[in-house]
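Please read the structure below before turning to the comments.
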Amino acid sequence: GKLSRGEPGLLQIAFSEAVTGFDRSDIAVGGGGTLGNLQRIDEKTFSASYVPPDMVERAVTFSLAAGSYQDLVGNQGQAASRSVAVDTAPPPLKISTSDMLLTAGETATLTFAFSEAPQGFVAGSIKVDDGSLSGFVPVAGSEGRSCTADLTASPGSAAGRANLRIDPLVVNFVDQF
């Protein structure tokens, strides 16, 4: 699976037999993020929380170096690694309109098209200055990647213009898996 924005993961390490000398410093994290404190579940099993880095779409690899631990009779442990996909970047958004220059009271249909289906993108995610938004609906057959809405310029707007703002830090929409 993938880890997404704001979604902590749990790294679990299970050895085939009891080990000694294993601690948090033996785990290397390639690709960023924050690994929490290592918890010993039993003599063979350990776990640690993991918080992925923000605004990335890449693999993160957890590695153990050879010899960083040993079994109870002193045999050195082998190297091991495991990768997990991390996708904490919001999907790119393309906005198109049926009319680039609205006059006061005129309406244009806006289409919002994402590369992936987002979660949390709703009509309230869009802020309009000097106009109003209505009729926010998903596009049939787009699998949640596109929606449309009608933008109407306010009669009192300067030169009949309506400014559209989408702030992903406020909206906090993320990829949907």
Side-chain angles (χ1 to χ4, degrees), residues 1-13 27-39 47-63 81-177:
K2 286 184 183 178
L3 290 178
S4 59
R5 190 173 182 183
E7 178 183 63
L10 182 65
L11 176 65
Q12 187 164 349
I13 301 167
I27 306 168
V29 180
T34 304
L35 189 62
N37 292 331
L38 189 66
Q39 303 294 318
S47 68
S49 63
Y50 172 71
V51 178
D54 281 337
M55 307 302 285
V56 300
E57 189 170 348
R58 65 174 173 236
V60 172
T61 302
F62 303 94
S63 303
S81 66
R82 172 76 191 246
S83 293
V84 63
V86 172
D87 186 355
T88 56
L93 169 62
K94 178 183 177 187
I95 303 171
S96 59
T97 180
S98 63
D99 187 346
M100 290 296 292
L101 185 60
L102 296 178
T103 58
E106 209 174 35
T107 299
T109 299
L110 302 177
T111 301
F112 302 88
F114 292 91
S115 62
E116 306 171 43
Q119 288 179 332
F121 185 71
V122 296
S125 303
I126 306 160
K127 307 301 180 209
V128 180
D129 297 329
D130 296 326
S132 62
L133 197 66
S134 62
F136 187 88
V137 294
V139 173
S142 71
E143 299 176 346
R145 292 188 311 265
S146 298
C147 56
T148 61
D150 292 326
L151 173 66
T152 303
S154 295
S157 64
R161 291 178 183 245
N163 295 316
L164 187 70
R165 293 179 288 123
I166 301 175
D167 187 349
L169 299 177
V170 174
V171 174
N172 199 28
F173 55 86
V174 297
D175 297 343
Q176 176 179 304
F177 301 106

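Just the heavy atoms: all of them, side chains too, but no hydrogens, waters or symmetry mates, feed the values below.
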Item to check | Ser83 vs Thr61, side chain to side chain donor-acceptor pair (under 3.5 Å): CA-CA, chis, key distance, verdict | outcome: CA-CA 4 Å; Ser83 293; Thr61 302; 2.7 Å; yes
Next on the checklist: My understanding is that only residues two or more places apart in sequence, or in another chain, count here; which of them pass side chain to side chain donor-acceptor pair (under 3.5 Å) with Ser115?
Outcome noted: none
Item to check | Gap between atom OG of Ser134 and atom CG of Leu151 - 0.5 Å precision | outcome: 8.5 Å
Checklist entry - Rounded to the nearest 0.5 Å, how far apart are CD1 of Ile13 and OG of Ser47? => result 8.5 Å
Next on the checklist: Can you list everything that forms a side chain to side chain donor-acceptor pair (under 3.5 Å) with Thr107? Sequence neighbours excluded, please.
Outcome noted: Thr152
Item to check | Which atom of Val51 lies closest to which atom of Pro8, heavy atoms considered | outcome: CG2-CB, 4.4 Å
Next on the checklist: I need the Phe114 CZ to Cys147 SG distance, nearest 0.5 Å.
Outcome noted: 6.5 Å
Checklist entry - Any side-chain heavy-atom pair from Leu110 and Ile126 closer than 4.5 angstrom? => result no
Next on the checklist: Using side-chain heavy atoms (C-beta onward) and a distance below 4.5 Å, is Leu11 in contact with Val29?
Outcome noted: no
Next on the checklist: Looking at every non-hydrogen atom in both residues, tell me the closest pair between Ala108 and Thr97 and how far apart they are.
Outcome noted: CB-OG1, 3.5 Å
Checklist entry - Is there a donor-acceptor contact under 3.5 Å from the side chain of Ser98 to the main chain of Thr109? => result yes
Checklist entry - Is there side-chain contact between Pro91 and Arg145, with at least one heavy-atom pair below 4.5 Å? => result no
Checklist entry - Counting N and O atoms only, with roles assigned by atom type, does the side chain of Thr88 sit under 3.5 Å from a partner on the main chain of Pro53, one being a donor and the other an acceptor? => result yes
Item to check | Contact summary for Ala149 and Leu133, nearest pair of heavy atoms | outcome: CB-CD1, 3.7 Å
Checklist entry - Is the Phe136 ring parallel, tilted or perpendicular to the Phe112 ring (thresholds 30°, 60°)? => result tilted
Item to check | Distance in Å, Thr34 OG1 paired with Tyr50 OH, rounded so as to fall on 0.5 Å steps | outcome: 7.5 Å
Checklist outcome for this item: Between Ser81 and Ser63, the two heavy atoms sitting closest are CB-OG, 3.6 Å
